[in-house]
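Residue numbers start from 1 in every chain, and the chains themselves are labelled A, B, ... in the order their sequence lines are given, proteins ahead of strands. The structure presented is a predicted model; accordingly, all values stated were derived computationally and were not measured.
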Number of protein chains: 2
Amino acid sequence: MVGLSSLMQIGELSERAGVSHRTIHYYERLGLVEPAEREGTGYRYYDEIALKRLEKIAALKRLGLSLDEIAAVIDLYFEDASGIRGKERVLEILQAQLDKTNTQLDELSTFKRDLENNIARMLGLIAQARQK
Amino acid sequence: MVGLSSLMQIGELSERAGVSHRTIHYYERLGLVEPAEREGTGYRYYDEIALKRLEKIAALKRLGLSLDEIAAVIDLYFEDASGIRGKERVLEILQAQLDKTNTQLDELSTFKRDLENNIARMLGLIAQARQK
DNA sequence: ATAGAACCTGACGTTAGGTGTAGATTTGAC
DNA sequence: GTCAAATCTACACCTAACGTCAGGTTCTAT
């Protein structure tokens, strides 16, 4: 194969993104990433956008979104604005997601306070145990 | 059975906690909840603490903790402080969790900003589409 | 032209977190 | 005492998100 100079194969993408190639195949079946090129041969060739998508997917996963939910919003990050179909629908998804996010932020802050209190308590108990 | 007047059966607990009785059985196997009473007969009888535990479990799940991680910290919320074994170990778990929580808070805030930007963009596009 | 690395597909395995179901037992009401 | 509702145990099954394995193809270097 010639003329794909700026593209990378799945091995490099996999390594740079920190996910296995089987995971990339899996994501492809779910419509989350696509190779930029794929001629008759079968080999997949990816551009930098694919890498960014994988990174975005990882970030959204850390936030607790399922792959299905990610599939529903990820194009917002990569499609050019004018091309977005079903804007109202997308807007709904975003609003719902924002609500969830706000709740999650609240709960997380509370959890953090709890953790900090518990840590302080633990430290106290440990110091006390040492003293005797 | 008599004398368990202030206790409830699994059906009531299940309903009040909003989880199935099968889930409660499952949690019991993982050591997350226990009936307050269980005589020879086999029936489980729960107190209000069990309900609080289930609610706490749900909250921790929403924060993205696995059931195993929850098992590691939940007693902090219910055991009396003096009874906590392996304080150093618990402290480590808490510290690690706090780090994770801080990262998660950051990512979540970023995500929220992204969402808000996307929402604004969508609203703009929709208004524009209406105008023409 | 050939070896070895990289890649392909398809089928099956795995873990977490449950749900479904069947057949037996217990309970509470009458 | 009897009957329906609630519960019990045990086993099987389910989905999400991958990982493993096997056998075959393609690429690159020499």
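The backbone N or O of F78(B) lies less than 3.5 Å from no partner atom in the side chain of R53(B), so there is not a single donor-acceptor pair. Without hydrogens or angle criteria, D47(A) side chain to A50(A) main chain gives a donor-acceptor distance under 3.5 Å.
The CZ-P distance, from R29(B) to dT9(D), rounds to 11 Å in whole Å. Whole-Å rounding puts the Y46(B) OH to dA6(D) P distance at 16 Å. When the P atom of dA16(D) is taken as reference, atom CG of L32(A) falls 13 Å away, rounded to whole Å. When rounded to the nearest whole Å, the span between CG of L13(A) and P of dC8(C) equals 11 Å. Nucleotide dA5(D) holds its P atom 19 Å from the CD atom of E12(B), rounded to whole Å. Taking atom OH of residue Y43(B) and atom P of nucleotide dT9(D), one finds them 11 Å apart after rounding to whole Å. What separates CG of L7(B) from P of dT27(C) is a distance of 14 Å, to the nearest Å. In this structure, NE2 of H21(A) is placed 17 Å from P of dT26(D), rounded to the nearest angstrom.
Distance check: Q97(B) CD to I119(A) CD1 gives 9.5 Å after rounding to the nearest 0.5 Å. Put simply, CG on L105(B) and CG on L108(A) are 4.0 Å apart, with the number rounded to the nearest 0.5 Å.
Among dT7(D), dA6(C), dC8(D), the nucleotide with an atom closest to any side-chain atom of R38(B) is dC8(D). Residue H25(A) places its side chain closer to dC8(C) than to any other of dC8(C), dA6(C), dC8(D).
A heavy atom closer than 4.0 Å to some atom of DNA chain C occurs in no member of residues 47-56 of chain A.
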Shorter than 3.5 Å, N or O on both sides, protein versus nucleotides 14-18 of chain C: list them out with atom names.
residue: dG17(C); atom: OP1; partner: L67(B); partner atom: N; Å: 3.2
residue: dG18(C); atom: OP1; partner: K61(B); partner atom: NZ; Å: 3.2
residue: dG18(C); atom: OP2; partner: Y27(B); partner atom: OH; Å: 2.9
residue: dG18(C); atom: OP2; partner: K61(B); partner atom: NZ; Å: 3.0

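Residues satisfying the salt bridge (Lys or Arg N to Asp or Glu O under 4.0 Å) test with K112(B), not counting sequence neighbours, are none. Among residues two or more places apart in sequence or in another chain, the side chain to side chain donor-acceptor pair (under 3.5 Å) test is passed with E15(A) by none. Residues forming a salt bridge (Lys or Arg N to Asp or Glu O under 4.0 Å) with E12(B) (at least two apart in sequence, or on another chain): R16(B).
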Please tabulate, for side-chain N and O atoms in residues 24-36 of chain B, each donor-acceptor pair with protein atoms closer than 3.5 Å (sequence neighbours left out).
residue: H25(B); atom: NE2; partner: R44(B); partner atom: NH1; Å: 3.2
residue: E28(B); atom: OE1; partner: R44(B); partner atom: NE; Å: 2.8

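At the phosphate of dC7(C), OP1 or OP2 sits under 4.0 Å from a side-chain N or O atom of Q9(A). Contact check, R44(A) against dC8(C): a side-chain N or O comes under 4.0 Å of OP1 or OP2. One finds a side-chain N or O of T41(B) lying less than 4.0 angstrom from the OP1 or OP2 phosphate oxygen of dT27(C).
Between I57(B) and L67(B) the shortest heavy-atom distance is CG2-CD2, 4.4 Å.
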